[in-house]
Protein chains: 2
Amino acid sequence: MSSKVTIHEVARLSGVSIKTVSRVLNREPNVKNDTRVRVQEAVAALNYRPNISARSLAGSKAYLIGVFFDNPSPAYVTDVQLGAIARCREEGYHLIVEPLDSTGDVAAQVEPMLHTLRMDGVILTPPVCDNAAVLDVLEAEGVPYVRLSPDQDLGRSASVRMDDVRAAYEMTAHLISLGHTDIGFIKGHPEHGASHLRYEGYAAAMKEHGHAVREDHVEQGWFSFRSGFEAAERLLDRPDRPTAIFASNDDMALGVMAVANRLRLEVPQTLSVAGFDDTPGAKVVWPQLTTVRQPIQAMAAAAADLLLGGATQAEGDGAPPSRLLDFELVVRESTGPIG
Amino acid sequence: MSSKVTIHEVARLSGVSIKTVSRVLNREPNVKNDTRVRVQEAVAALNYRPNISARSLAGSKAYLIGVFFDNPSPAYVTDVQLGAIARCREEGYHLIVEPLDSTGDVAAQVEPMLHTLRMDGVILTPPVCDNAAVLDVLEAEGVPYVRLSPDQDLGRSASVRMDDVRAAYEMTAHLISLGHTDIGFIKGHPEHGASHLRYEGYAAAMKEHGHAVREDHVEQGWFSFRSGFEAAERLLDRPDRPTAIFASNDDMALGVMAVANRLRLEVPQTLSVAGFDDTPGAKVVWPQLTTVRQPIQAMAAAAADLLLGGATQAEGDGAPPSRLLDFELVVRESTGPIG
DNA sequence: GCTCGCCTTGACAAGGCTGTCATGCCTTTA
DNA sequence: TAAAGGCATGACAGCCTTGTCAAGGCGAGC
């Protein structure tokens, strides 16, 4: 029960007023170094921690950052949390998670949260980050927010993204460098912005290396295992099948692997398979999947950083800040030279 | 900017004192029904939401439930959050997530959190739930907590669990009912309580159905894909291999599937494979994995329920409350009759 | 030596809500 | 009819911090 040490005790022990203690705590200027040290010692001696409720009631900060999420993969969500907390802890902020039910009226769910808890900022993950109604509520409530990998309205708010086009380009180039020329592609969910970008990168790489993008080697998928499985069946169960397949995400790539297994196509000797995202599943197949790692934790940390730095508003040039992070090509065993 | 509606406005509009509004908000007794309705209407009309900081500063509740987690799978963590929030929302509670760094001094990380934010309760997931130092801190700070699937010291606190023994028993019985008698088993991480329980259930089922547990058909694993893969290699690469393998979790079962693929053993015609946990990966293989679904969301909801109901303390009989939830056998395509 | 202005510090109010205690009224009991 | 008790409500203090503003101390410049 070491509880209930208040700022008053600290003030008493260090022989200053509570206001001065507050100053030291908040790293405000105009405190003599001598005094500062004395206060810090008292804080340490009493094991004092300021009470967040009182702080946020009195001041403007709530020391809470919200993470809103909808639906994406658990691995993604967890990584976002880990990345965000890493940055938040440094400044004494806490993370409050708000899973949203995307089948209902998301904006209506968001409004009460913002109202009761005055969060200092919110991190929005896809696909909530593209829900205009939610953005409206956030703006109406005056809560700063950063979007992770937004798809629409890029200029509307601060955001953190990865270069999907370039990543897809490099993955395709990797396959080409292994000697592949007939590279099948499985597109992602048409409503996700990343889908278009990834296809764009693939097409650009093919073209630049002088290979045609064969329409019958490009299939539509929906980011699900099953859709990858079905697309792969169409792609592979025929004589002029591609020698490599690049799926827009790992789940679909796993679907491709499953079909390859069924058709007794050796991976990677007969068929190379590449995915995108580096989900845990990518390592849980044999052979392990070559894929693109999105630096999710780093992206979330960057988002938290923007929020904590108060840098979410448009700057002089009119554009809200946007950070572009590097991806990483993860070459494992599912891709290899032909033969 | 619909912000800043306070209890005073509500009081004014409904013609009562702020205290009465407070009573209505908190469902306290001794409010005339007439008055209650009038206040509720004013609340609705003004779209009023009490400010959590003020509430927790003034009262004893913080309206925050913590979820501490360490390391387990993202799917697990996310499910816990979803389950807990479902119950918490009903009562206006929010979820605060605290990933812990298990490589460091976990208790030292927990203490400051508890100190600044006075959470009303904490949900502990494995393996933090078995960290005695953390439990000590929680108790010292007087914060109620519920452990999910704890392994040690079961009587120490309230907990929510699943019957691992019975689930493993039933899965084994399922395999036996398909005609299998030589059923291999891959144990889980020896430091996880569930490992022992699952093995126990397997062994009991074998014995009760008159089948011997062959020591050379039981392998040690560590809950990882790789350990499952390696265990499966030892189990399958020999003439007297089992006709079915029951792995203590899905990741290891996926390892078994990978080996089966490599050895060209048809699943389930030549080899049945069963897992445990029903992770997302179970559906992302072909054929899909037969497994046991742990009702994680329901367990987390039950934990939140105990916390919100204040029922975490030992009752008259001396034992803290413990809830045992039902699992579900999920039979998919990876198990079938010998043939 | 005096004024000005900066640095350092403190007193006090405010923030929105709940807990405590007091009040008035109505119903029950003797 | 008077006393007692229960219910419905309100006044006010207090929760712990930060923001505002004022005050005192001290060195610089005249």
Side-chain angles (χ1 to χ4, degrees), chain A residues 2-40 42-43 46-64 91-94 112 114-118 120, chain B residues 2-40 42-43 46-64 91-94 115-118 120:
Chain A
S2 66
S3 52
K4 307 259 175 202
V5 181
T6 75
I7 199 171
H8 287 95
E9 268 99 291
V10 178
R12 199 172 311 140
L13 182 59
S14 48
V16 299
S17 74
I18 58 167
K19 179 62 215 187
T20 299
V21 176
S22 171
R23 286 197 180 93
V24 174
L25 259 31
N26 294 295
R27 300 202 191 89
E28 286 175 28
N30 301 337
V31 177
K32 220 190 297 178
N33 193 50
D34 182 30
T35 315
R36 185 180 302 277
V37 171
R38 203 145 30 93
V39 170
Q40 283 163 343
V43 166
L46 295 172
N47 191 27
Y48 166 73
R49 305 257 193 289
N51 175 311
I52 287 212
S53 300
R55 262 186 147 167
S56 67
L57 182 58
S60 46
K61 291 184 280 187
Y63 294 91
L64 291 177
E91 315 232 353
Y93 280 68
H94 292 261
L114 259 27
H115 228 293
T116 38
L117 230 45
R118 282 220 79 73
D120 298 308
Chain B
S2 65
S3 51
K4 308 261 176 202
V5 181
T6 75
I7 198 171
H8 288 94
E9 268 99 291
V10 178
R12 199 172 312 139
L13 181 60
S14 48
V16 298
S17 74
I18 58 166
K19 179 64 213 186
T20 298
V21 176
S22 170
R23 285 195 181 95
V24 173
L25 258 32
N26 294 295
R27 300 202 190 91
E28 287 175 29
N30 300 336
V31 178
K32 220 192 294 179
N33 194 51
D34 180 30
T35 314
R36 185 180 302 276
V37 171
R38 203 145 29 93
V39 170
Q40 283 163 341
V43 166
L46 295 172
N47 192 25
Y48 166 74
R49 306 260 192 286
N51 175 312
I52 288 212
S53 301
R55 260 185 149 170
S56 69
L57 182 58
S60 47
K61 290 183 280 187
Y63 294 90
L64 291 176
E91 315 232 353
Y93 279 69
H94 291 262
H115 228 291
T116 38
L117 232 43
R118 283 218 79 73
D120 299 308

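Just the heavy atoms: all of them, side chains too, but no hydrogens, waters or symmetry mates, feed the values below. Just so it is clear: chains get the letters A, B, ... in the order the sequence lines come, proteins before strands, and each one is counted from 1. Keep in mind it's a predicted model, so treat the numbers as computed, not measured.
The CG-P distance, from A:Asn30 to C:dG10, rounds to 13 Å in whole Å. In this structure, CZ of A:Arg27 is placed 18 Å from P of C:dT8, rounded to the nearest angstrom. In this structure, the CZ atom of B:Arg36 is 13 Å from the C1' atom of D:dT9, given to the nearest Å. For the pair A:Lys61 NZ and C:dG15 C1', the computed distance is 16 Å after rounding to whole Å. B:Glu9 places its CD atom 11 Å from the P atom of C:dG15, with the value rounded to the nearest Å. A:Arg38 places its CZ atom 12 Å from the C1' atom of C:dT8, with the value rounded to the nearest Å.
Taking all atoms of both residues into account, the shortest heavy-atom contact from B:Asp120 to B:Tyr93 is OD2-CE2, 3.2 Å. Pairing each heavy atom of A:Ile18 with each of A:Ile7, the nearest pair is O-CD1, 3.5 Å. The two atoms that bring A:Ala62 and A:Ile52 nearest to each other are O-CG2, 3.6 Å, heavy atoms only. Smallest separation of non-hydrogen atoms from A:Thr116 and B:Pro50: CG2-O, 3.3 Å. Of all the heavy atoms in B:Val16 and B:Arg38, the pair that sits closest is CG1-NH1, 4.1 Å.
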Expected string for nucleotides 16-27 of chain D under the B/S/- scheme (protein heavy atoms, under 4.0 Å, primed atoms plus P, OP1, OP2 as sugar-phosphate) is BBBBB-------
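B:Thr35 comes within 4.0 angstrom of the backbone, heavy atoms only, and of no base.
For D:dG10, the OP1/OP2 oxygens have a side-chain nitrogen or oxygen of B:Thr20 closer than 4.0 Å.
The line from OG of A:Ser22 to CD of A:Glu28 is 5.5 Å long, rounded to the nearest 0.5 Å.
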